[in-house]
Amino acid sequence: MNVVVVESPAKAKTINKYLGPGYKVLASFGHVRDLPAKDGSVLPDQDFEMSWEVDTASQKRIKDIADAVKGSDGLFLATDPDREGEAISWHVLDLLKKKRVLGDMPVKRVVFNAITKKAVLDAMAVPRDIDVPLVDAYLARRALDYLFGFNLSPVLWRKLPGARSAGRVQSVALRLVCDRETEIERFISEEYWNLSTLLRTPRGDEFEARLVSADGKRLQNRSIKTGEDASRLKALLEGASYSVDTVEAKPVKRNPGPPFTTSTLQQAASSNLGFNASRTMQVAQKLYEGVDIGGETVGLITYMRTDGVQMAPEAVDGARSAIKDQFGERYLPEKPRFYSTKAKNAQEAHEAIRPTDFNRSPDKVRRHLDADQARLYELIWKRGIASQMASAEIERTTVEILADNGGQKAGLRAVGSVIRFDGFLGAYMDRREEGEKGEDDDEDGRLPPIGANERLDKSRVNASQHFTEPPPRYSEASLIKKMEELGIGRPSTYAATLKTLSDREYVTMETRKLIPQAKGRLVTAFLENFFTKYVEYDFTADLEEKLDRISAGELDWKHVLREFWQDFFSQIEDTKELRVTHVLDALNEALAPLVFPKREDGSDPRICQVCGTGQLSLKLGKYGAFVGCSNYPECNFTRQLSSDGAEADASGLNEPKALGADPMTGEELTLRSGRFGPYIQRGEGKDAKRASLPKGWKPEDIDHEKALALINLPRDIGKHPESGKMISAGIGRYGPFLLHDGTYANLETVEDVFSVGLNRAVTVLAEKQSKGPGGRGRGTPAALKTLGDHPDGGAITVRDGRYGPYVNWGKVNATLPKGKDPQAVTLEEAMALIVEKGGKAASGKKKPAAKATPKTKTAAKPKAKSTAKAAPKAKKTGT
């Protein structure tokens, strides 16, 4: 018996079928250990020693693998064929060595690019050893990311409250988005005019020609700057006679692009299907791991994290055969096509993303897939087969026309194209990303028959005014394309990087465009001013190149770390002397369009509009930055930073707006604005009750009724028919909710808080209860035994959970000692376990916490939480 370790349980089951009874295939479920999210996991002073941590779930999986290995003949590590997959195999092997279960057992590494029987069996026939340089590159990347984040993030927390984190690739990607926003803000629109004439041939066919020259000069794009110039040229064209000077028909061939890489798949899925990067990778992961087709699990595509653009020879042969069968001989080029990678610093030496079998056309597998899987598979299949198809043959016709008005001459041009043979376009046609233009964008299809020297009649002259537009904001697809061009990040990092920016609330997505929020722009401005080198595009790309050279065995990984750490640590140390006033002065200048937006009346945007003498400036509070007046406390003007630089509402709300009295208390309700945005206040003084306006509520829409409803939250709905306890509705930091007996349930909208009735509330709570903890569909285990009531109320029960029997009281769960019979537990024993866990004792007081041992304070290091719960483990999954 041989043991095979893969990453995914879905793959384990399929591969076990392929290999047969002589093998036992187990899943690692991604990474089995990681650097703990706490200080000291990487120690530069000890030659970058790294401390790894295995979480509870992974401990059990490693135990299962170790138990299986003990009685086996050999071990095959078959994790994914990339750097992360190599690292997982290395981690598994290292843990098994420490458990001393391997002995002299042969251990081999196998990689397959597709989950098909042939690919798996072929890989098993040619095993290899762990690729040490590839593991070294992983270790270097992991250490770099840790050292960057865990040393720079605390600087942000101290100098820029409200900032969440910084990351080696994340911060550079954020800079791209913020730099584009700055370009847009500083863009000055320019006027220009386009002129064209609608002409008619002797046969009565109409077509349009653009003005390209006048007064003996060639007109470039946007050459006509004013309405006066446009009117003069329009008059020339209105009175002119027209004749055809030349007609040139030129055949043009258009070649197909290569099969998808990770980044081009994400871009195409965004443009064609509207998928974000994470969704694309989730669906692709499922297609790679396999779907049930005719009772057999079949992997439909090759591995989806790759920079490679080449297909395996057998795949090229399969594509050519499918082209001949499905499209015909004419669509098959004489020789196979070969492609080379153009991306900067490309690596990941395996294949492009392609179907595992080109004979499985989208129509044949659609009924086995869900809608998203079918759409993505069709995209991959079409792009893959198109890459081996014949070129499209296009005839491009250019007509040059002379306009003569009493000796004043002008030149016009009409361009059209006709597809004479569609070639690869019969399978796949690219869709451009928004904001991009191609060479054919000014062409408007086919031209009618036109002969040289023919006279043409004028139908009308068009003069249209235009204004130059700023560059478009990045979409996920165009940002990924830019990162790839610059050599920033790698296929496996794009989706995670974009998700981090969204999770940190550094950017938001509107109409598929990435908009940097004030928080993100502050972080970027801070890093650009005080850590310039580490958010430079070339520096980040150069570091990626060094990591690639490590994986090629050309550089020592610890040498790269030492080189990085020496300068980086020095820069971190320098920030200890950095004064907050210095930071604010730099940010005021760097973010002037955001902090001091132009005013409609043309007044100085840095002068306080309330007191008229104070200077506005960024201020730092506990929860982040805001704009305040230098005359504080005499002038208490504050304004929240807006991502679009808008200031109008904030200054208008600085004086409280009276909305009427609360009929229950008689106190005045007012609408006000603070550093965190508009809010409702009832009464005056420190004890006045306040309520922030929910997201989506505009200050101008707030009336007495809405203010009264908001300030009186939480709202009692009624008593639960079973427990007799009150159900209430409110708005918390995570949105609208219901609360009953300590249990929360989410409501869909803010409006539901004010309108939900008792019946609906009971239903929502019941649905939450049925899903169990976390709402993931696992119900609360039934009670094995009820022991009695707790002195503070509520039953104490014994239950059986996924990790064994435990005592439950309210929200307190205490695991029973190993070997303890659940049926033999007494009330006193249960009470002791609950108190030990942190519940209340019979006296009603919590068990006092043990005194913490004082620790020496260290600079630029975050305070760690205890155990593995310091931060979620970063598992490698299909997302």
Side-chain angles (χ1 to χ4, degrees), residues 7-8 30-31 34 80-85 87-88 138 141-142 145 149 164-165 167-177 260-289 301-308 343 345-348 350 352-353 372-373 375-377 379-380 383 433 473-509 512-516 520 540 544 547 872-879:
E7 290 185 36
S8 158
H31 274 287
D34 200 359
D80 287 346
D82 59 3
R83 184 191 290 118
E84 292 294 309
I88 293 170
Y138 157 80
R141 180 181 293 274
R142 194 69 191 88
D145 290 342
R164 301 286 297 278
S165 69
R168 187 177 61 83
V169 175
Q170 161 203 324
S171 297
V172 182
L174 177 60
R175 182 191 168 187
L176 279 168
V177 178
F260 284 129
T261 62
T262 302
S263 66
T264 56
L265 176 63
Q266 290 171 345
Q267 293 165 45
S270 173
S271 299
N272 291 272
L273 310 179
F275 290 179
N276 63 25
S278 294
R279 182 59 182 155
T280 300
M281 298 309 287
Q282 288 168 356
V283 178
Q285 178 86 22
K286 182 60 181 174
L287 294 175
Y288 164 67
E289 291 184 350
I301 65 171
T302 54
Y303 192 57
M304 64 286 158
R305 292 186 180 90
T306 176
D307 282 333
N345 292 345
Q347 45 92 38
E348 310 286 357
H350 33 272
I353 304 169
D372 285 353
Q373 291 168 359
R375 294 167 71 201
L376 191 66
Y377 178 75
L379 198 67
I380 293 168
R383 175 76 171 235
E433 186 63 23
R473 288 184 171 116
Y474 285 110
S475 64
E476 280 200 353
S478 61
L479 181 61
I480 288 170
K481 182 178 181 180
K482 187 65 176 179
M483 291 171 67
E484 185 181 37
E485 288 173 359
L486 295 172
I488 297 169
R490 282 295 175 265
S492 58
T493 67
Y494 295 137
T497 297
L498 294 173
K499 186 175 186 303
T500 299
L501 294 180
S502 177
D503 291 346
R504 297 285 183 265
E505 298 179 341
Y506 288 162
V507 301
T508 57
M509 179 81 75
R512 296 179 60 200
K513 296 296 182 181
L514 296 168
I515 302 175
T540 307
E544 292 287 356
L547 291 168
K873 294 285 285 182
K875 285 287 181 181
K876 181 172 184 282
T877 66
T879 60

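Note that these values count all heavy atoms, side chains included, but never hydrogens, waters or copies made by symmetry. Treat the numbers as computed from the prediction; the structure is a model and nothing was measured.
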Kindly give the heavy-atom pair with the smallest separation between Ala352 and Thr302, and that separation in Å.
O-OG1, 3.0 Å

Can you name the nearest heavy-atom pair linking Ala269 to Thr280, along with the distance?
CB-OG1, 3.3 Å

How far does CG of Leu176 sit from CD1 of Ile488, to the nearest 0.5 angstrom?
5.5 Å

Determine whether a donor-acceptor pair (N or O, by modelled atom type, separation under 3.5 Å) exists between the side chain of Thr306 and the backbone of Thr261.
no

I need the minimum non-hydrogen distance between Ala87 and His31, along with the two atoms involved.
CB-CE1, 4.2 Å

Would you check if Ile480 and Leu498 make a side-chain contact, meaning some heavy-atom pair closer than 4.5 Å?
yes

Could you tell me if the side chain of Thr540 sits less than 4.5 Å from the side chain of Leu486, heavy atoms only?
no

At what distance, to the nearest 0.5 angstrom, does CG of Leu479 lie from CG of Leu501?
8.0 Å

Any donor-acceptor N or O pair under 3.5 Å, side chains Gln170, Thr500:
no

Output the distance between atom CD1 (Ile301) and atom CG (Leu287), rounded to the nearest 0.5 Å.
5.0 Å

Donor-acceptor contact present, side-chain Gln285 to main-chain Met281, <3.5 Å
no

Side-chain contact test, heavy atoms from C-beta onward, threshold under 4.5 Å: evaluate it for Ile515 versus Met509 and give yes or no.
no

Are a donor atom and an acceptor atom from the side chains of Glu289 and Ser8 found within less than 3.5 Å of each other?
yes

What distance do Phe260 atom CZ and Leu265 atom CG have between them, rounded to the nearest 0.5 Å?
5.5 Å

Determine whether a donor-acceptor pair (N or O, by modelled atom type, separation under 3.5 Å) exists between the side chain of Glu7 and the backbone of Asp80.
yes

Side chains of Tyr494 and Glu484 in contact at under 4.5 Å (non-hydrogen atoms)
yes

Please list all pairs passing the salt bridge (Lys or Arg N to Asp or Glu O under 4.0 Å) test where one or both residues lie in residues 268-285, with sequence neighbours left out.
Arg279-Asp372

Residues two or more places apart in sequence or in another chain: which of them pass side-chain hydrogen bond (donor to acceptor under 3.5 Å, both in side chains) with Tyr288?
none

Thr508: what forms a side-chain hydrogen bond (donor to acceptor under 3.5 Å, both in side chains) with it, not counting sequence neighbours?
Gln517

Applying side-chain hydrogen bond (donor to acceptor under 3.5 Å, both in side chains) to Thr493 and not counting sequence neighbours gives none

Return the CD to CZ distance between Glu84 and Arg142, rounded to the nearest 0.5 Å.
8.5 Å

Any donor-acceptor N/O pair, Arg375 side chain to Leu273 backbone, under 3.5 Å
yes

For Arg168, all residues meeting salt bridge (Lys or Arg N to Asp or Glu O under 4.0 Å), sequence neighbours excluded
Asp145, Glu544

Closest heavy-atom contact between Ala284 and Leu376?
N-CD2, 3.7 Å

Using atom types as modelled and distance alone, determine if a side-chain donor or acceptor of Ser478 lies under 3.5 Å from a backbone N or O of Tyr474.
no

Is the backbone of Asn276 close enough, under 3.5 Å, to the side chain of Glu476 for a donor and an acceptor to pair up by distance?
no

Please collect all salt bridge (Lys or Arg N to Asp or Glu O under 4.0 Å) contacts where either partner lies in residues 494-508, sequence neighbours excluded, each pair once.
Lys499-Asp503, Glu505-Lys519

To the nearest 0.5 Å, what is the distance between CG on Asp82 and CD1 on Ile88?
8.0 Å

